[in-house]
Number of protein chains: 2
Amino acid sequence: MATTLKDVARQAGVSHTTCSAALRGLPNVSPRTRKKVLAAAQALHYNTNLSARMLRSNHSGLISFVVPDLSPTYYSMLSVELAREATSAGMQLVVQQSQHSASEENSIIGSALSSLADGFFVAPVAHYTDEDLSMLIGDKPAVILGDFTQTTRYDRVKSPNSEGVNSAIQHLRQQGCTSIGIVGGMTDDKEADIPEGSSVLTLQGLRMHAAMDALADLYHENRESIVNERLIDVGWNSDEGIRAANLFMEAGMPYDGLFCLDDEIALGMLHGLHEAGVRVPEQVKIIGFNGIRHSAISTPTLSTVEVDLPGMASAVVSLLRRRIEHPDVETLPQKVTVGTILRARESTAAGNV
Amino acid sequence: MATTLKDVARQAGVSHTTCSAALRGLPNVSPRTRKKVLAAAQALHYNTNLSARMLRSNHSGLISFVVPDLSPTYYSMLSVELAREATSAGMQLVVQQSQHSASEENSIIGSALSSLADGFFVAPVAHYTDEDLSMLIGDKPAVILGDFTQTTRYDRVKSPNSEGVNSAIQHLRQQGCTSIGIVGGMTDDKEADIPEGSSVLTLQGLRMHAAMDALADLYHENRESIVNERLIDVGWNSDEGIRAANLFMEAGMPYDGLFCLDDEIALGMLHGLHEAGVRVPEQVKIIGFNGIRHSAISTPTLSTVEVDLPGMASAVVSLLRRRIEHPDVETLPQKVTVGTILRARESTAAGNV
DNA sequence: CTGAAAGCGCTAACAT
DNA sequence: ATGTTAGCGCTTTCAG
C-alpha cells in the first residue's frame, strides 16, 4: 500500500490537514512544522494521490492533449512544445490518441479526461455541432485546434491556413510555376461528408477548403471544378504521398507546381517522383506545409510553410490557464491564429522547368 | 456541474448502488432495471468520474507510457502501437513526457501516474538502482523498456540490441565494408557517468554497449580503444547526425561503413554527406536502427534494423494485463526481447567503394 | 435482485 | 497556527 497523508501526519506528529497545508506550501503553517512535515514526507516517500486531490478540489495539475494519433510528426513536435509550456506553467501534459475514431474521442473527452485533467486541448477528428461540443465538454477549460463556422463558447487556436496556403501558392508562382495542383484531401476524416449542422471543421478540412478557395481565385473557376481538375485527393501521410506521385505521373504530370497540404505527403511525393526519375525542382516544384523537422534534411530539401509550434503551444497553455485560474469569471472565447514562415528550400528552387 | 451517478439513479428510480452495478455490466441486475439505467445515463450524458472510481477501486482503465520526449519518431510510432493494443484490451493509453529530466520522470511515475493509471510502461532517462525503482513504483504493474544489470521484480521489454547490432555489422561487412565506425553515444542521458549502484541502463546505454562490444570483438581490441577510435559520439537526433557527418569528413572519412545507433542520426548523416557531395553507398555505406517510417523514403533509402513495434506493444500490454488482472498472484518478472528484421536498402547497396 | 452504509485519500470550511 | 468535521463520486460489503 502506498503511503498516505495520514501516515505522514502521524510521523510528523501533526494533523493530516496541517500536513496537507504544509506540503502544498500554504502560508498558514509555521516554518518549524513545515520542516517536520517535509522531512516525514521525504522519509516515507510520500506522493500525493492525484485521484483524491482531483475528486475533492477539482484540480490535478494535468492538462490533456487529445490528438487523432501521434504518427504525424507535426503532432509529436507539438506535443513536445506543449509539454514544455505546461511544465513551465507548473502543470503536466498527458497525450491521448483517439485513433481517428469519433467515439473514442468522445469517450476520452467525456470521461477519461474531464474527470482527471484541469483542461484540455483537442485536435478533433469528429465534426461536432456546437451543441455536441457543449454537451461533451461542459464547463471544462478547453482549447480546440481548428475553427468553427459559427462562434461558440470555446477558445480556438489555429494555423493560418489561408495565409499559409496563399503564401505557398504565391511562392510557387514566383518560382515560375504556371499550373499548380494541390495534393491532399479530407479522406482521413472519418465522416467524409460533413454532417448536417456541424460547425467545427477539422484541421484537414480547414486547410483543404483554404487551398480550394485560393486556386479557385487564381484560376477564376469555381471550387468544384478545382476539386475535379487540380486536386490529387490522398490521405495525409507519406504512403499516400507516394500514391499521389504515381497518380500525378499517370495523369501525364499536368502541373509544374504541387502544393502538398502536409509535409508528410510532400516527403512521400518526393520519394515517389525520385524513384520514377522525375527531377524536383527541375520538372516539378514541390512545397509542403507544417515545417516538420524532416523537411529540412530530405533530398532535395523541402520548401514548406512552417507553423510556429512554440507560439501555438504557448497560446494554448495561456488560454487554458486563463480559464483554469479564473473559473468563475465569464471569459469570452478567443481565437488565436499563430504565425507561419515560408521556408524556401531546394524543392522549389527556380530554374529551367 | 457534471451529472453524477446519483442523478442517473434518481432519473432511473433506483439506488445509486444498483445504478453503478447496471452501468458496469455486473450480472446481478435485472434486464429491466439495466435498460432503465442505461436509458437514463444516455439521456443525462453521464460519464463515470474516473478519479472517484480510481480512488475507490484502484483501477481506472488507463495505462501510461512514460517517455523521455516524443521527438524521436520511434517513440511516436510505438505510442501508436501501444494505444492500439491498449484499446483492444479495453484500456486507454496516456503518454507522458519526462523531458529528459530524471526528477520530472520521478514525479510522473511517483505521483501523477501511479494514482491515476492501472499500470505503466517506462522508457527511463534516469539510471535507477534496484532500490530506487522499487521505492518509486511500489506495487504498481510496470514494464521497463530496457534491461537491468541485476535481476529485479519488474517486467522488461527490450529491442534485441546485441542481435540487431551484430546483424547490422555483419550486413555492412557482407556489402564489402572493411572499416566500420559507430555513430551515436549516450550524451542524451542526463547523467553521462553512470552513478554507483545503478542497475538499470537506458535504451541508449544498452545499444551503445552492445555496439562497442561487437566492434571490440570484430577488431580484437578492447572496448576503450574502440570508443576512442571507432565512435562518433553524438546525440540521437538528425541535427547531431549532420554534426556527425561533418566530424567524419573532417577526420578524413576513416571508415567505409557506418552504423548509426538510431535512424534519426542516420537520416541526418545522409543529409550532411549529401550536402558535402559524399556519395552513399558508393563512398561510404550507412545503416541505421529502429526502422522509422522515414527511413523507407529517404534518398538514398536507408538500410536499417527494424524493430518489431507491434510485437513490442503487444508484449507490453499483455505483461501489464497479467499483473493488473491478478494483482494478488505472485508473478515472477519476465523479460521479453522482441524481434528485428534487417531491411537492406540503397544506403548499403554493394558496389565500388 | 436491490439498497443502505462505509470509506477510498484528499481538501475546504469552519472551529479553536 | 493547528485541528475537527464533512464530503467530493464512486465501489465494496453486507443486509434485506
Side-chain angles (χ1 to χ4, degrees), chain A residues 1-37 40-41 44-62 110-116 118 138-139 327-328, chain B residues 1-37 40-41 44-62 110-116 118 138-139 327-328:
Chain A
M1 216 46 227
T3 40
T4 74
L5 204 52
K6 244 161 100 181
D7 302 325
V8 180
R10 193 179 314 115
Q11 171 98 0
V14 296
S15 78
H16 67 278
T17 312
T18 307
C19 203
S20 168
L23 288 170
R24 282 182 294 153
L26 297 192
N28 52 341
V29 177
S30 76
R32 253 193 81 244
T33 310
R34 165 157 298 129
K35 229 178 104 189
K36 268 195 309 193
V37 170
L44 298 174
H45 300 278
Y46 171 75
N47 281 306
T48 316
N49 181 322
L50 272 194
S51 289
R53 166 178 293 172
M54 183 67 194
L55 182 58
R56 183 66 238 226
S57 67
N58 267 305
H59 84 95
S60 58
L62 260 33
S111 131
L113 190 156
S114 61
S115 47
L116 297 178
D118 294 347
D139 287 335
D328 38 344
Chain B
M1 217 46 226
T3 39
T4 73
L5 204 50
K6 241 161 103 181
D7 302 325
V8 180
R10 194 180 316 116
Q11 171 99 0
V14 296
S15 78
H16 69 276
T17 312
T18 308
C19 203
S20 169
L23 288 170
R24 280 181 295 151
L26 297 192
N28 53 342
V29 176
S30 75
R32 253 193 83 246
T33 309
R34 166 158 296 130
K35 228 178 107 189
K36 268 195 310 190
V37 170
L44 296 175
H45 300 278
Y46 171 74
N47 281 306
T48 317
N49 182 323
L50 274 193
S51 290
R53 166 176 296 171
M54 183 67 193
L55 182 58
R56 184 66 240 235
S57 66
N58 269 306
H59 84 97
S60 59
L62 260 32
S111 129
L113 192 156
S114 62
S115 47
L116 297 178
D118 294 347
D139 287 336
D328 38 343

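Residue numbers begin at 1 in each chain, while the letters A, B, ... track the order of the sequences.
In this structure, the CG atom of A:Leu23 is 16 Å from the P atom of C:dG9, given to the nearest Å. Between the CZ atom of A:Arg56 and the P atom of D:dC10 there is a distance of 15 Å, rounded to whole Å. Spacing between atom CZ of B:Arg53 and atom C1' of D:dC10 amounts to 8 Å, rounded to whole angstrom units. One can place CG of A:Asn58 at 17 Å from P of D:dG7, the figure rounded to the nearest angstrom. The distance from atom CG of A:Leu50 to atom C1' of C:dC10 is 11 Å, rounded to the nearest whole Å. Separating the NZ atom of B:Lys6 from the C1' atom of D:dT11 is a distance of 15 Å, rounded to the nearest angstrom. Note: CG (A:Leu5) to P (C:dC10) measures 5 Å, nearest angstrom.
Within residues 25-35 of chain A, the residues approaching DNA chain D are A:Asn28, A:Val29, A:Ser30, A:Thr33, by heavy-atom distance under 4.0 Å.
With respect to B:Thr17, the side-chain contact (heavy atoms from CB on, under 4.5 Å) criterion is satisfied by exactly one of B:Ser15, B:Ser20, B:Cys19: B:Ser15.
Summary for the helix from C:dC1-D:dG16 to C:dT16-D:dA1: the axes at its two ends, each from 5 pairs, differ by 40° when rounded to the nearest 10 degrees.
If you check distances only, the side chain of A:His16 does reach the base of C:dT11 with a donor-acceptor pair under 3.5 Å.
Note on A:Arg24: a side-chain N or O is less than 4.0 Å away from OP1 or OP2 of C:dA12.
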